[in-house]
Amino acid sequence: MKKSFKLSDAAFQMDGKMPLAQAIPLGLQHVLAMFVGNLTPLLIITGACGIAGGEFAGLQLSLLQNAMLVAGIVTLVQLFAIGPVGGRVPIIMGTSSGFIGVFNSVAATMGGGVSAYGAIMGASILGGFFETVLGFFLKPLRKFFPSVVTGTVVMSIGLSLISVGINSFGGGNKAEDFGSMENLLLALFVLIVILIFKHCTKGFLSSSSILLGIIAGYIAAIVMGFVLPTTGVTADGVEYTKAWVLNWDKVADAAWFAIPKIMPVKPVFDMRAILPVMIMFIVTAVETVGDISGVMEGGLGREATDKELSGGVMCDGLGSSLAACFGVLPNTSFSQNVGLVAMTKVVNRFALATGAVFLILCGLCPKLAALISIMPQSVLGGAAVMMFSSIVFSGIQLITKNPMNSRNLSIVSVALGVGYGMGANPDILVHAPKLVQLVFGGSGIVPAAIVAILLNIVLPKEKEEQ
């Protein structure tokens with residue numbers, strides 16, 4: 001006889017009152033799903049600016065600490081709102097990876113260094129305010145974002161993330177043992193555990209399947225460390241530590257408490273950074289509309305309201321400006337967690353708020369953050385492939401809310417074919433102007449969103465739509 005723990009009905013209601021004992025693990029699995037993704041963009045851009053180690057090691061650690069703190073604060077604002085800012089929707093906020101392409105180019109153009117990173121922060125402060133204004137006027141602009149457009153954006157978000165999930169599944173594509181049997185079997189084990197809890201249990205255990213799968217992955221990695229070699233040798237004869245090995249020294253060396261620093265990097269206002277970053281903030285506003293639409297469709301089976309979309313985009317903008325004041329890259333809605341909501345149907349804002357509080361604690365307690373940051377990529381990948389694919393399904397649900405006539409079919413086909421294809425294969429733009437490469441070459445989400453919006457404007461509506 002299958003044993004199950006009944007999950008409170010409030011878990012599937014945004015404003016329901018949940019027992020704390022159930023809310024905490026449901027919130028924690030959101031943190032585990034986004035933790036690595038929240039820090040990775042910062043690691044990439046500090047590396048591109050040349051402030052990733054040596055004399056800048058302390059600065060980078062401070063920025064990583066701030067990234068967790070800001071993500072938690074902005075998530076709480078998104079969940080519960082302050083005035084018009086915040087959509088009051090079940091969305092987790094975090095450091096955006098969509099800006100990586102633009103910021104890399106800015107760093108190269110400005111020659112790297114702290115000044116280049118400061119220019120990125122200055123551009124992000126202005127760009128965040130610009131997106132806030134867009135959010136304020138979103139209601140009259142809503143006609144440009146029907147379900148066929150937002151659904152296409154949500155689909156492109158899911159499609160772009162699937163490759164990220166598969167890279168993690170293999171241990172992280174920068175790992176020396178990427179694609180090794182140990183990594184693949186560990187990720188597969190996590191995925192199987194998730195499926196077992198998701199479909200062979202009920203209530204609380206079923207809804208916590210992602211968290212339970214990740215915990216099982218940690219335990220499996222510990223056991224593997226006792227029975228398998230933890231190091232390997234490259235073709236050049238260099239010894240390396242395998243990607244699935246848990247680095248407990250990182251946890252031991254981390255402090256128990258540290259106060260975050262405000263303005264660890266002085267903002268610099270340079271037009272070479274401001275112009276391309278402003279364009280990206282327009283695109284990320286569209287992405288946020290898609291994320292909120294996806295989470296409401298996937299979690300509650302309804303479209304997002306004008307107020308929810310407007311407040312969500314405004315929170316996106318002000319959250320990014322706040323993040324830049326702490327030296328952190330723009331904070332936007334986290335698509336990974338949209339997939340988690342779509343899969344579990346848990347939309348309770350209190351449950352997600354416990355995850356936000358945990359992020360804040362991670363920002364104040366580096367040791368707690370270190371415990372999560374040592375998670376093997378293959379453990380995350382085992383959960384990610386399922387979550388990211390569910391985002392694609394949410395996009396399909398949005399697109400098919402209206403009849404798939406020839407006009408809608410053309411919008412989806414061209415946006416995904418030309419737009420997403422162009423972003424997924426950026427080499428096709430190698431001879432295009434630099435600004436075009438910055439906007440269209442960084443992510444398949446950007447061109448797909450722009451193409452879908454333009455086609456929705458220019459293609460004549462069919463009689464039944466009119």
Side-chain angles (χ1 to χ4, degrees), residues 2-3 5 24-25 28-40 43 162-201 204-206 208-254 256 336 340 343 358 362 365-389:
K2 292 184 293 185
K3 185 178 180 181
F5 295 85
I24 288 176
L28 182 59
Q29 69 180 354
H30 274 282
V31 175
L32 292 173
M34 60 82 72
F35 194 87
V36 175
N38 185 47
L39 301 181
T40 299
L43 294 171
I162 287 175
S163 61
V164 177
I166 286 295
N167 281 334
S168 295
F169 200 92
N173 55 9
K174 291 186 178 180
E176 295 290 348
D177 59 338
F178 176 70
S180 68
M181 288 306 297
E182 292 106 314
N183 284 320
L184 295 178
L185 288 174
L186 179 58
L188 184 61
F189 169 72
V190 172
L191 179 57
I192 290 172
V193 170
I194 291 172
L195 288 171
I196 289 173
F197 278 104
K198 179 66 182 172
H199 298 286
C200 297
T201 64
F204 177 67
L205 291 180
S206 178
S208 303
S209 57
I210 296 290
L211 175 62
L212 295 170
I214 289 174
I215 291 174
Y218 266 90
I219 296 171
I222 293 171
V223 174
M224 289 167 64
F226 287 121
V227 299
L228 295 174
T230 57
T231 59
V233 180
T234 65
D236 300 326
V238 179
E239 189 177 51
Y240 65 88
T241 301
K242 295 183 178 180
W244 52 264
V245 177
L246 295 167
N247 183 11
W248 294 110
D249 290 339
K250 188 174 181 180
V251 180
D253 294 341
W256 280 105
Q336 290 92 320
L340 184 54
M343 194 181 89
F358 192 80
C362 286
C365 177
K367 193 175 287 290
L368 193 60
L371 180 63
I372 298 178
S373 68
I374 65 172
M375 182 197 308
Q377 281 286 301
S378 50
V379 172
L380 178 64
V385 290
M386 187 171 178
M387 291 190 301
F388 296 167
S389 298

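These numbers were taken from a predicted model, which means no experiment stands behind them. Every heavy atom of this structure was used, including side-chain atoms; hydrogens, water molecules and symmetry mates were not. Position 1 is the first residue of the sequence; numbering continues from there.
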Chi angles and distances behind the side-chain contact (heavy atoms from CB on, under 4.5 Å) call for Leu228, Glu182: CA-CA 9 Å; Leu228 295 174; Glu182 292 106 314; 4.0 Å; yes

Contacts of type side chain to side chain contact (heavy atoms under 4.5 Å, CB included), residue Leu195, not counting sequence neighbours: Leu191, His199, Met386

Salt bridge (charged side-chain N to carboxylate O under 4.0 Å, His left out): pairs with one or both residues in residues 208-230, sequence neighbours excluded: none

Worked verdict on Ser378 versus Phe169 for side-chain contact (heavy atoms from CB on, under 4.5 Å): CA-CA 5 Å; Ser378 50; Phe169 200 92; over 6 Å; no

Donor-acceptor contact present, side-chain Asp177 to main-chain Asn183, <3.5 Å: no

Side chain to side chain contact (heavy atoms under 4.5 Å, CB included) involving Ile215 - partner list, sequence neighbours excluded: Leu211, Ile219

Audit row: Leu185, Trp244, side-chain contact (heavy atoms from CB on, under 4.5 Å) steps and yes/no: CA-CA 11 Å; Leu185 288 174; Trp244 52 264; over 6 Å; no

Pairing residues for Val227 by the side chain to side chain contact (heavy atoms under 4.5 Å, CB included) criterion, not counting sequence neighbours: none

Non-hydrogen atoms of Gly217 and Phe189 that approach each other most closely: N-CE2, 4.4 Å

With Asn167 via side chain to side chain donor-acceptor pair (under 3.5 Å) - residues at least two apart: none

Nearest heavy-atom neighbours spanning Gly179 and Leu184: O-CD1, 3.5 Å

Student check: side-chain heavy atoms of Val245 and Pro376 closer than 4.5 Å: no

With sequence neighbours excluded, residues passing side chain to side chain contact (heavy atoms under 4.5 Å, CB included) with Val190: Ile194, Val379

